[in-house]
Q: 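Sharing a structure below in structure tokens format, with a few things to ask.
One-based numbering, in listed order, for ligands and for the atoms of each.
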Amino acid sequence: MTSAAVETYPSVALTIAGSEATGGAGAQADLKTFQELGVFGIANLTCIVSFNPNDNWNHRFVPVDQQVIADQLEATTAAYGAASGAPSLLDTVKIGMLGSPATISTVSSALVTGGFTNVVLDPVLICKGQEPGHALDTDQALKAQILPLATFVTPNHFEAESLSGMEITDVESLKAAAIRIHELSGAAVLAKGGVRLAGPDAVDVYYDGGTLEVLSAPKVGEVAVSGAGCSLAAAVTAELAKGATPLEAARTAKAFVTAGIRNRVASGAPFDALWQGGPR
Ligand code: PXL
């Protein structure tokens, strides 16, 4: 007699993000991170970024048509969303580069109707080479329309200063900024000091309204690595999709990124890329 097979399904997670052609950052980094952490990854693309090696590696940015973004979100939520009846329910989403006020409106509508439990926001505020006036509109729209929907936010040093309105020079001011961003958003906050704060360690601050925890790991060099921010937020997303608490997700993500930076990939670009297989 054969016993009935028990079907098990992986957790699923969606990233709404841009493509970064060289594979270091963006949706590619997110999908690789999801896969490494045992989560079925889905990517809905908002834009295509191609660095320009003939112009100081500035970003060439092409938005995806708004209807095409809406179509991707429609297909994804119909297949795996709350009303789909799928056994692997999509309740966790990561937001990466959106890049324009129009895309922010399209994505915020989908977040409102999507019924997601976990909305992880990597608040990508500037894209190198974007026109400054446009970038300011995009930043303001992100703060007004996406930040209030986030349940977890992962600002880097620059983004944490921008979101909190505070200057960040050391761990104490990074803590103050994380608390301020939590007060503004209601989200759990993982504010990254990275190579921007002096000292031997790469220090991040986690704050969720109750727990304040400093996450620290020895710095691997003094130069930022491409894909570290995307992979950190994606690792948080994957862990939340699997049912971790926000604090557990933050700790696992920090360890994942530290191992990925230690095992980074050198390229002809002026920045190395994080290797998501680093922890293996
Ligand atoms: O690392 C931020 C980032 C996110 N998303 C895309 C990017 C970048 C940086 O290059 O290109 C698509």
Q: Is the ring pair Trp57/Phe271 parallel, tilted or perpendicular, if the boundaries are 30 and 60 degrees?
A: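 Taking Phe271 first and then Trp57, their aromatic rings stand perpendicular (interplane angle over 60°).
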
Q: May I ask whether Ser19 places a heavy atom under 4.0 Å from ligand 1?
A: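 The answer is yes: ligand 1 sits under 4.0 Å from a heavy atom of Ser19.
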
Q: Pull out every atom of ligand 1 sitting under 4.0 Å from any heavy atom of Gly18, numbered as shown with elements.
A: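 Answer, ordered by atom number: 12 (C).
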
Q: Quick check on contacts: which atoms of ligand 1 are under 4.0 angstrom from a heavy atom of Phe51?
A: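 What qualifies from ligand 1 is 10 (O).
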
Q: What residues, two or more places apart in sequence or in another chain, satisfy ring-ring contact (aromatic ring centres under 6.0 Å, His included) together with Tyr207?
A: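 Result, ring-ring contact (aromatic ring centres under 6.0 Å, His included) vs Tyr207: His182.
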
Q: Can you check whether Leu73's main-chain N or O pairs, donor with acceptor, with Thr77's side chain at less than 3.5 Å?
A: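 Yes; judged by distance alone, with no hydrogens or angles, the pair exists.
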
Q: For Thr15, which residues count as a side-chain hydrogen bond (donor to acceptor under 3.5 Å, both in side chains) partner, sequence neighbours excluded?
A: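 Once residues adjacent in sequence are excluded, the partners of Thr15 under the side-chain hydrogen bond (donor to acceptor under 3.5 Å, both in side chains) criterion are Asp30.
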
Q: Check this for me, if you would: do Arg251 and Glu248 make a salt bridge, where the nitrogen-to-carboxylate-oxygen distance has to be below 4.0 angstrom?
A: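 No.
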
Q: At less than 4.0 angstrom from any non-hydrogen atom of Val49, what atoms of ligand 1 do you find?
A: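 Going through ligand 1 atom by atom, the ones under 4.0 Å from Val49 are 11 (O), 12 (C).
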
Q: Should Gly229 be listed as contacting ligand 1, given a heavy-atom distance under 4.0 Å as the test?
A: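 Not so, Gly229 does not reach ligand 1.
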
Q: Should you measure from each heavy atom of His59, which atoms of ligand 1 turn up under 4.0 Å away?
A: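 In order of number, 9 (C), 10 (O).
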
Q: Checking the side chain of Glu36 only, and the main-chain atoms of Thr33 only, is there a donor and an acceptor separated by less than 3.5 Å?
A: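 It does not hold such a pair.
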
Q: With heavy atoms of Met97 as the reference, note each atom of ligand 1 found under 4.0 Å away.
A: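 Listed by number with element, the hits are 5 (N), 6 (C), 7 (C), 8 (C).
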
